[in-house]
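One-based numbering along the sequence shown. Just so it is clear, the model here is predicted, and its values are computed rather than measured. In what follows, every heavy atom counts, from backbone to side chain, and hydrogens, waters and symmetry copies are set aside.
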Amino acid sequence: ESLALSIERASGIISEIPQQINQETTTSNAPVPNGAGSQNAGSASAQASKASALWSRFAEVLYIDDFRRFMLAIAFFTGAVQMQGTAQGWLVFHLTGSSLAIGTVQSLFSVMILFFSPLGGVLADRVEKKLVVLLTWAGAGVVFGVLALLILTDRIQMWHLVIGSVASGLIFSFNIT
């Protein structure tokens, strides 16, 4: 089974969750005959059934091997991007001593995502999704690798970090779609 089919199957399962929760909520909101505390009892049981339905469907999706690997990879990639942003902010402050410089470099990442993610969405609709994911992760690895090499050789300068922030924001804008 290909990754695209696994993701499509998992998306179908996930898309059914709201309907299943709504069905369980309407059947569990029947009035309690006592009257006193019926709203709280109905609300508590409705929330419990929502949580139960959500977790059972989520567990069902995790049985798909490719989807489970894909979600794990996304978790690690997102964690790496967060660590990179923190380390980059610390490095900018170490090089310049300016909080304005930190804000500028970090904002460039976000501005690139803001402006280029619509283009990434168009690209994601027209190109194979697996190819987009692999290329963006490889691109991010190259950017982070070059920055790491510059840091290890003690040649890092502020403009390297600015270009790295713009490049990683551009790459991530295509990845999040």
Side-chain angles (χ1 to χ4, degrees), residues 1-25 50-51 53-89 91-92 101-152 156-177:
E1 186 174 18
S2 72
L3 177 63
L5 289 175
S6 296
I7 292 174
E8 188 174 315
R9 190 170 127 217
S11 296
I13 293 170
I14 291 171
S15 67
E16 294 171 6
I17 292 174
Q19 290 98 10
Q20 185 180 14
I21 290 173
N22 286 339
Q23 288 173 353
E24 289 182 12
T25 301
K50 281 182 185 180
L54 182 65
W55 282 113
S56 66
R57 296 300 280 180
F58 183 70
E60 185 179 335
V61 169
L62 290 179
Y63 283 109
I64 303 170
D65 287 339
D66 286 341
F67 186 75
R68 186 176 54 241
R69 276 188 238 122
F70 179 67
M71 291 303 293
L72 189 60
I74 286 175
F76 279 111
F77 180 75
T78 303
V81 168
Q82 296 300 317
M83 286 186 271
Q84 183 266 343
T86 302
Q88 185 175 23
L91 186 58
V92 168
I102 296 172
T104 301
V105 171
Q106 300 289 19
S107 295
L108 288 172
F109 178 82
S110 299
V111 167
M112 296 306 288
I113 291 174
L114 177 69
F115 288 123
F116 286 97
S117 56
L119 181 61
V122 170
L123 181 72
D125 289 340
R126 297 175 186 201
V127 179
E128 185 185 350
K129 289 166 184 51
K130 185 176 181 179
L131 178 66
V132 172
V133 168
L134 290 175
L135 287 176
T136 56
W137 288 359
V142 168
V143 170
F144 299 153
V146 168
L147 288 175
L149 186 65
L150 288 169
I151 292 167
L152 290 173
I156 192 80
Q157 295 178 7
M158 181 65 181
W159 69 272
H160 295 132
L161 295 171
V162 168
I163 290 177
S165 184
V166 168
S168 60
L170 183 65
I171 289 167
F172 201 66
S173 69
F174 288 91
N175 182 270
I176 62 174
T177 57

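- Two rings, from Phe172 and Phe77, have their centers less than 6.0 Å apart.
- Atom CG of residue Leu108 and atom CG of residue Leu170 lie 12.0 Å apart, to the nearest 0.5 angstrom.
- Residues meeting the side-chain contact (heavy atoms from CB on, under 4.5 Å) test with Val105, sequence neighbours left out: Gln88, Val92, Met158, Val162, Ser165.
- Side-chain atoms of Gln82 and Thr86, non-hydrogen and from C-beta on, never get closer than 4.5 Å to each other.
- A 4.5 Å side-chain heavy-atom check between Lys130 and Leu134 finds at least one atom pair inside the cut-off.
- Here the straight-line distance linking atom CZ of Phe174 with atom CG of Leu119 works out to 4.0 Å at 0.5 Å rounding.
- In this view, Gln157 and Trp159 satisfy the side-chain hydrogen bond (donor to acceptor under 3.5 Å, both in side chains) rule, not counting sequence neighbours.
- Distance check, rounded to the nearest 0.5 Å: NZ of Lys129 to CG of Leu123 gives 10.0 Å.
- A distance of 6.0 Å separates CG in Leu91 from CD1 in Ile156, rounded to the nearest 0.5 Å.
- Between atom CD1 of residue Ile113 and atom CD1 of residue Ile176 there is a gap of 5.0 Å, rounded to the nearest 0.5 Å.
- For Thr78 (side chain) and Ala75 (main-chain N/O), no donor-acceptor pair under 3.5 Å exists by modelled atom type.
- Looking only at side-chain heavy atoms (C-beta outward), Val81 and Phe109 come within less than 4.5 Å of each other.
- Looking at residues two or more places apart in sequence or on another chain, you find no side-chain hydrogen bond (donor to acceptor under 3.5 Å, both in side chains) involving Ser117.
- Rounded to the nearest 0.5 Å, atoms CZ (Phe70) and CG (Asp65) are 15.0 Å apart.
- Looking at every heavy atom in both residues, Leu147 comes nearest to His160 through CD2-O, 3.7 Å.
- Residues Ser107 and Gly103 come closest through the heavy atom pair OG-O, 2.6 Å.
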